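These notes concern the structure reproduced below.
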Amino acid sequence: MTNDDKLKGLNDMQQKAVLHTEGPLLLLAGAGSGKTRVLTHRIAYLIEKGIRPFNILAITFTNKAAREMKERVSAITPRGDEVWVSTFHSTCVRILRREIDKTGMNSKFSIYDTKDSERLLKDILRELNVSEKLYPPRMLMGIIGGCKDKLTSPEEYMKTVEKDFRMRKAAEIYAVYQSRLKENNALDFDDLIYKTVELFKERNDILDKYQERFRYIMVDEYQDTNYAQYQLVKLLADKYHNLCVVGDDDQSIYGWRGADINNILDFEKDFKDTTVIKLEQNYRSTSHILDSANAVIKQNKARKSKSLWTDAGDGDKLRFYHAEGDREEAMYICRTIKEGVKNGKSYKDFAVLYRNNALSRAVEEQLVKNNIPYRIFSGTRFYDRLEIMDILGYLRFINNPDDEMPLKRIINVPKRAIGDTTVSKVNDFAHENGISLYKALCRYNEIDSISQRTKNAVGKFLELAYSLMNIASELPVSSLIEEILETTGYRAELEAQNTAEAQSRLENLEELENKALDFEKNTEDASLSQFLEEVALVADVDNFTEGDDTVVLMTLHSSKGLEFDTVFIAGFEESIFPGYRALQDPTFREMEEERRLCYVGITRAKKNLYLTAAKNRLQHGQRVFNMPSRFLKEIPNTLIEREEEGLTIRKADSAFGFESTVHYRNPVKNTFKPYKMPEPKNVDIDYTVGDMVKHIKFGIGAVKDIAPAGADYEVTVEFKNAGTKKLMSRFANLKKI
């Protein structure tokens, strides 16, 4: 295929983006504008132009996007599979596997997920005799993760909080946490980028090596990058400046997890002589949908000017349905789906999106009653299931015996008479002698406080561990999993239970073996380390498949990057979407992000979009009355039809700034008016965010958020034993302690 062939089928702006190969390029790609097609053709064009695939790096945000890009590149150029295409985290893992020995760690480091990190922090708090009530592990994880996103070391963080006693202790815990990670030869998820940037800054020779390697760099979804990712890209591109970033500031919806929209807004300031190309032609949605999205997003101030358009025709108008309650809202959604299926659509053509997971309950109930098949996206991850974590624990221990977290998980699974007391004694011995938990376990005969019976059990466990480690290098991963299931007795224990739950767990383990077989078939380096790395870096969105004929339910955040024939955005109400926090933010930054989220939701729809709201709904045990979302007023009345209890309102209601009448048997003045959200009155609370409180049922917890909710306040509390709860202050009877 010649370079001329590679430009066929591309519009003028897409061709311009493909042909621009030298110097910084900011590609502003609107929703559905074919950015993946442009990126893959640009890579192919570079290769045909004579650039070695070895010198091209393409970074995405999900494994799914990376796989799709690599497959497309390979399909249009024979050397496409030689290009390094991966996520930010996978890119950094590959670099660290090769270079981390320069920092005193070895290349078989473990990658901790959030559960591992939380468990390690709990151990540290116990060892330091610090209360989890005062320093909840989840809070500490947020602080530590935020520091790493900003490339802030424990020492630097300590300097910023030295006058705050509580945060000084958090800084001390951060330092101990980092030390323990290194002892365990482990990195947490945030470390992957943090440590790579740190390595590049400390070792110019290593940085120069990768600058030479990656002379042409492309970054997808650039609007979602945080400070650490920005620094990584900037360092790698600093030598040759051939950096192409692709993104859409209007789809920057992850500020709450560290993404900085200024990375894309300020790109031209950060990289001199930048060329800017806008992709505004949309290949997904109809004009009415795009015009609605444009009308909403143009209300934002912090954005670059652009406007989506299509030559696909106007299509149907949007529909807004104002139900009496959340039950009626859900019934309307189900009626519409059944009517669509009756007229030839499939269930998989429909998606129900919502601002928060709690809104799915009423919809789920009605889907069940109407025998409509559905699935909820972003439920429990496959790799978070108990039996999967157990077997992965064995694999991680075999791969890196010095990592105490998987060892603590599997040492008594299945039961082998090595309880927590024994592990604690071995752990003390390890600390006294400055060795790992595993090395201390190997010296169990030196620990006098352990009974002979327990020592016998430890000896048998070590024999099992030795045998598994000895055969690990000889067996493929799938066979190693089979060996673990058999020799540990894990499978036999489940089979003996003879229950439906146990059978389901056995099926999950069979699926894990299938995953390993697929990995071995499609991976050149099918090592145990590589398998564990792939599993550790999988994201929820990577599990989304479009094959099942079911209605999809998911949050608006989860829907980014996907598309559906027909979309419902449920709970389209003030205080829900936009939420309380955005309404209270005087800077309007959160409101602008909520509006960007609305833009993302609208542009998921290809042909039909329904916005639904309820005049009243049950929330946290209380009936609340919300106005329709302010975003509804931002959509021109010519693009939307409104319905209320079976009546079609062809023009927008006067409550939204326009005059109208309801067309019925006898025309009457439309009485459809929004409810005003009551302000909290006569509600006296003596606690604030950060205070410790006590609940009669849930015990002691920390107040994380307080927000108006109708005539009351909604209080978010993170309880030590009951997890995070949202409570109404009037009924919760929380006592400050």
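A quick note: this is a predicted structure, and the numbers were derived from the prediction, not measured.
Of the candidates Thr275, Ile264, Val246, Leu26 forms a side-chain contact (heavy atoms from CB on, under 4.5 Å) with just one, namely Ile264.
In this structure, the side-chain contact (heavy atoms from CB on, under 4.5 Å) partners of Arg138, at least two apart in sequence or on a different chain, are Glu118, Glu718. Here Asp149 pairs with Asp190, Asn226 under the side-chain contact (heavy atoms from CB on, under 4.5 Å) rule; sequence neighbours left out. Checked against side-chain contact (heavy atoms from CB on, under 4.5 Å), Lys16 has the following partners two or more places apart in sequence or in another chain: Met13, Ile277. With sequence neighbours excluded, the residues forming a side-chain contact (heavy atoms from CB on, under 4.5 Å) with Lys515 are Tyr383, Phe531, Glu534, listed by chain and number.
Cation-pi check for Arg119 over Tyr112 is not met; the charged atom does not lie both under 6.0 angstrom from the ring centroid and within 45 degrees of its normal. Because its NZ or CZ atom is not both nearer than 6.0 Å to the ring centre of Phe564 and within 45° of the ring axis, Arg284 does not count as a cation-pi partner of that residue. Figure legend: Arg595 and Phe631 shown without cation-pi pairing, the cationic atom not lying both under 6.0 angstrom from the six-membered ring centre and within 45 degrees of its axis.
How far CD of Glu82 is from CG of Asn55: 11.0 Å, rounded to the nearest 0.5 Å. Distance check, rounded to the nearest 0.5 Å: CG of Asn184 to CG of Asn400 gives 8.0 Å. Distance check, rounded to the nearest 0.5 Å: CE of Met405 to CG of Leu181 gives 9.5 Å. To the nearest 0.5 Å, the span separating CZ on Phe88 from CG on Asp224 amounts to 9.5 Å. The CD atom of Glu404 sits 10.5 Å away from atom CG of Asp116, with the distance rounded to the nearest 0.5 Å.
Ion pairing between Asp270 and Lys234 fails under the 4.0 Å rule for side-chain N and carboxylate O. With respect to Lys209 and Glu99, a salt bridge is recorded, a charged nitrogen being found less than 4.0 Å from a carboxylate O. Salt bridge status for Glu212 with Arg215: present, with a side-chain N to carboxylate O gap under 4.0 Å. Ion pairing of Lys159 with Glu156 is absent here, as no side-chain N (NZ or NE/NH1/NH2) approaches a carboxylate O to less than 4.0 Å. Using a 4.0 Å cut-off between charged nitrogen and carboxylate oxygen, Arg72 and Glu68 count as a salt-bridge pair. Taking a cutoff of 4.0 Å between a charged side-chain nitrogen and a carboxylate oxygen, Arg596 and Glu593 qualify as a salt bridge. No salt bridge links Lys304 with Asp250; every basic N to acidic carboxylate O contact stays at or beyond 4.0 Å. In this structure, Lys35 pairs ionically with Glu221, as a charged nitrogen and a carboxylate oxygen lie closer than 4.0 Å.
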What pairs of donor and acceptor atoms, side-chain ones from residues 194-202 against any protein atom, are under 3.5 angstrom apart with sequence neighbours left out?
| residue | atom | partner | partner atom | Å |
| --- | --- | --- | --- | --- |
| Lys195 | NZ | Glu198 | OE1 | 3.4 |
| Thr196 | OG1 | Leu192 | O | 2.6 |

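The number of heavy-atom neighbours closer than 6.0 Å to NZ of Lys306, taken from other residues, nucleotides and ligands shown, is above 12.
Looking at Asp101 and Asn106, their side chains never bring a donor and an acceptor atom within 3.5 Å of each other. Under the 3.5 Å distance criterion, with hydrogens and angles disregarded, no donor-acceptor pair is assigned to the side chains of Asp81 and Ser74. No side-chain donor-acceptor contact under 3.5 Å links Gln584 and Tyr580. In the model, Ser117 has no side-chain atom that pairs as donor or acceptor with a side-chain atom of Thr114 under 3.5 Å. Side-chain contact annotation: Thr91 with Ser86, donor-acceptor N/O pair under 3.5 Å present.
Applying the ring pair (Phe, Tyr, Trp, His ring centres under 6.0 Å) test to residues at least two apart or on different chains, none of the pairs has a partner in residues 230-249.
Note: His557 and Tyr254 have tilted aromatic rings, judged against thresholds of 30 and 60 degrees for the angle between ring planes.
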